[in-house]
Every structure is written in C-alpha cells, then in structure tokens.
Trainee: 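Mind having a look at this structure? Questions to follow.
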Amino acid sequence: MRVDVLTIFPDAFRGPLDVSIVKRAREDGLLDFFVHDIREHALDRHRSVDDYPFGGGAGMVMRVDVLDRALEHVRSLAPERGLVVYLSPAGERLTDRIVRELAREERLILVCGRYEGVDERFIEHCVDREISIGDYVLTGGELPAMVLVDAVTRHIPGALGDAASPQEESFADGLLEHPQYTRPAEYRGWRVPEVLLSGHHAKIEAWRKEQRLARTRERRPDLLGEGGDSDPGGAAGSANPGE
Ligand code: 4FV
C-alpha cells in the first residue's frame, strides 16, 4: 500500500510511524509512506495556504486552489489514482469496518486540515471520504491521519507477522477483547483465573468468548446487535441458546 499525506506540518509525522509494526511494514515494503508540505504549493510570496472565511467569523480557512494544486502534484507521483481521505470532525466515524475497507485500497491520500478547516469546494470536488476519529476538536488532522495509518497498516497482509492476525482481536467479531494475563501467575495475592492455567483449550476458549460477550454487554452495548459479522447477538443466538 502507498500512503501520501498532505499537511502544513510535515514534522508532526516524525516519530509515531517510525517505530514497531509500522516501521517494519515500511522497511519490508508493505507500506510506502510519504509526507508532503502543502505550503510548497502556495501561490503568493507569503506562501499563504489559508484566508479569511467568506461571510465573516473567527479563524481562517484553507484555500481550495492551494489544496487542489498540492493534491494534483501528489497524484502525479504514482500511477495509482488513490482514495482521497480528508480527516475532519464532520466525517464518518472511523470504525474497525472502515479500517478494513481502507486497508484494501492500493493507495490512500490523506489530507490534514488546520485552522477552521478547508474550503468546502475542496471536499465537494476533490475528497472521496471524510473521516472522523471522534467527536472532539483537535488542533489539526495530523494525529487523526497517524491513527488511521497505524490502524490500516495492521491489516496489510504480513504487517503483523504470522503471530497475530487481525481476525482474532477486538471488533473482529464485533466484540471487545477478552482480558489478558501473563506471568507471574500470582502477584500481591492477585491471581490469574484458574481456567487459563488449566491447559483445557475448549474451556479456555469458552471462558474467553463469555468474557468478550459480558464485557461488551457491560461496556459497549451499542456494539451488540450490529448487523453482519459483528452480530454477536445473532452468533450467540445461533449458539443454540434454546438448548
Ligand atoms: C478531527 C477529528 C479534528 C478540526 C479543525 C482540525 C480538526 C482542525 N479530524 N477527526 N476529530 N480535526 O478534530 O478527524 O482543522
């Protein structure tokens, strides 16, 4: 997968995507990641990327002409057209399902807003998907872009190595993850659930499934009953509840 990021703060991307799984995915050529400075495509000698909002109001808005020039330049750097994603609080809320969808793309072009956001004509005519990481306002789209790249990279085949697969994790079946434990088996009198020390794999799997259902019911009932593969109610339902 190729990911291009458009931002006025390229330095913001130093660090979080240079370690661990994402770093290895880049080294292994599973992820080609590029950061581009929008300001390089400014039109005036002050290299302005923003201007006052038509109709007045606080703050500044990023210019459609500068953004479009930057996008066309980045597009020209690789043959794949690329799915243009604008990170904003007004977008679709990012979910595991959307992460898996984006992970199937061969190229993503992520646009990071600043100030009050971008000119609506850029969203209307140049953006394919508008995505939000949550209902709160950040200073910029850079952190959401990093969150998205981190989440998507985990679904690139081979990125997690053979150890873990995205199939067996939170949200894969629409449920929260079961609790995890490791050595020491006892600490300050705090013990690990006996079943996990039993070596009885069927009992362990049953206990973990029950834990996933119980935690989801308690903490995220909104996840229960969602259609499709994340329909644990159905799954549980089909697990012969009547018998
Ligand atoms: C955001 C979010 C977010 C809004 C104004 C950047 C900021 C500033 N992006 N999910 N929540 N963006 O708060 O994606 O331009």
Side-chain angles (χ1 to χ4, degrees), residues 1-17 22 31 33-44 46-74 82-105 107-156 170-171 220 222-223 226:
M1 170 183 278
R2 178 184 169 119
V3 175
D4 295 276
V5 171
L6 284 166
T7 172
I8 61 171
F9 293 118
D11 295 349
F13 288 84
R14 291 185 199 292
L17 305 177
V22 178
L31 172 67
F33 182 74
F34 303 91
V35 179
H36 311 274
D37 188 345
I38 295 168
R39 210 175 279 287
E40 282 169 15
H41 304 278
L43 294 141
D44 63 341
H46 305 298
R47 293 178 21 111
S48 324
V49 298
D50 62 318
D51 208 331
Y52 296 100
F54 279 126
M60 301 293 273
V61 176
M62 296 178 82
R63 295 173 59 108
V64 61
D65 50 357
V66 176
L67 286 164
D68 186 39
R69 281 159 51 90
L71 177 59
E72 285 320 304
H73 166 72
V74 166
L83 186 83
V84 179
V85 174
Y86 171 53
L87 291 305
S88 104
E92 312 161 65
R93 172 74 76 76
L94 186 62
T95 62
D96 186 65
R97 181 176 53 74
I98 293 176
V99 166
R100 291 166 190 268
E101 284 171 17
L102 296 176
R104 290 196 286 272
E105 296 286 335
R107 185 183 187 191
L108 297 175
I109 301 176
L110 309 182
V111 181
C112 304
R114 279 274 159 173
Y115 314 108
E116 299 312 306
V118 305
D119 187 299
E120 189 63 23
R121 292 168 291 179
F122 179 75
I123 298 171
E124 203 176 324
H125 300 287
C126 308
V127 168
D128 300 307
R129 292 188 83 162
E130 198 171 349
I131 290 178
S132 169
I133 65 165
D135 297 342
Y136 39 81
V137 179
L138 301 164
T139 60
E142 285 75 13
L143 290 172
M146 288 181 241
V147 166
L148 192 149
V149 170
D150 186 288
V152 165
T153 298
R154 299 178 71 260
H155 292 273
I156 298 173
S170 286
F171 309 109
R220 294 293 310 278
D222 59 295
L223 290 172
E226 268 187 32

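First listed ligand is number 1; within each ligand, the first listed atom is number 1.
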Trainee: Does any N/O atom on Y136 come nearer than 3.5 Å to any N/O atom on ligand 1?
Mentor: yes

Trainee: Check R2 with E105, please: is the shortest side-chain N to carboxylate O separation under 4.0 Å?
Mentor: no

Trainee: For ligand 1, which atoms, with element, lie under 4.0 Å from some heavy atom of G113?
Mentor: 6 (C), 15 (O)

Trainee: Counting only N and O atoms by type, is there a donor-acceptor contact under 3.5 Å from the side chain of R69 to the main-chain atoms of H41?
Mentor: yes

Trainee: Atom 7 (C) of ligand 1: which protein heavy atom is closest, and how many Å away?
Mentor: L138 O, 3.3 Å

Trainee: In the protein, what heavy atom is nearest to atom 15 (O) of ligand 1, and what distance, to one decimal place, separates them?
Mentor: Y115 O, 3.0 Å

Trainee: Looking at R114 and E142, is there a salt bridge between them, counting it only when a charged N and a carboxylate O are closer than 4.0 Å?
Mentor: yes

Trainee: Is there a donor-acceptor pair under 3.5 Å between the side chain of D4 and the backbone N or O of F34?
Mentor: no

Trainee: Using distance alone, determine whether T139 and ligand 1 share an N or O pair under 3.5 Å.
Mentor: no

Trainee: Which is it for S88 and ligand 1 at heavy atoms under 4.0 Å: side chain, backbone, both or neither?
Mentor: backbone

Trainee: Using a strict cut-off of less than 4.0 Å between a Lys/Arg side-chain nitrogen and an Asp/Glu carboxylate oxygen, indicate whether R39 and D37 qualify as a salt bridge.
Mentor: no

Trainee: Any side-chain heavy atom of V35 within less than 4.5 Å of one from L6?
Mentor: no

Trainee: Ignoring angles and geometry beyond distance, decide whether G134 reaches within less than 3.5 Å of ligand 1 through its nitrogen or oxygen atoms.
Mentor: yes

Trainee: Quick check: G141 and ligand 1, any N/O pair under 3.5 Å apart?
Mentor: no

Trainee: Are any side-chain N or O atoms of S132 and backbone N or O atoms of G134, one a donor and one an acceptor, separated by less than 3.5 Å?
Mentor: yes

Trainee: Show me which atoms of ligand 1 lie under 4.0 Å from any heavy atom of I131.
Mentor: 14 (O)

Trainee: Answer yes when D150 and R154 have at least one side-chain N-carboxylate O distance shorter than 4.0 Å, and no when they do not.
Mentor: no

Trainee: Checking a contact table here: which protein heavy atom is nearest atom 10 (N) of ligand 1, and how many Å away?
Mentor: I133 N, 3.0 Å

Trainee: Measuring from non-hydrogen atoms of D135 to any atom of ligand 1, is the shortest distance under 4.0 Å?
Mentor: no

Trainee: Just which atoms of ligand 1 are under 4.0 Å from any heavy atom in R114?
Mentor: 15 (O)

Trainee: Tell me: protein heavy atom nearest atom 2 (C) of ligand 1, and distance?
Mentor: P89 N, 3.9 Å

Trainee: May I ask you to test the L43-V66 pair for a side-chain heavy-atom distance under 4.5 Å?
Mentor: yes

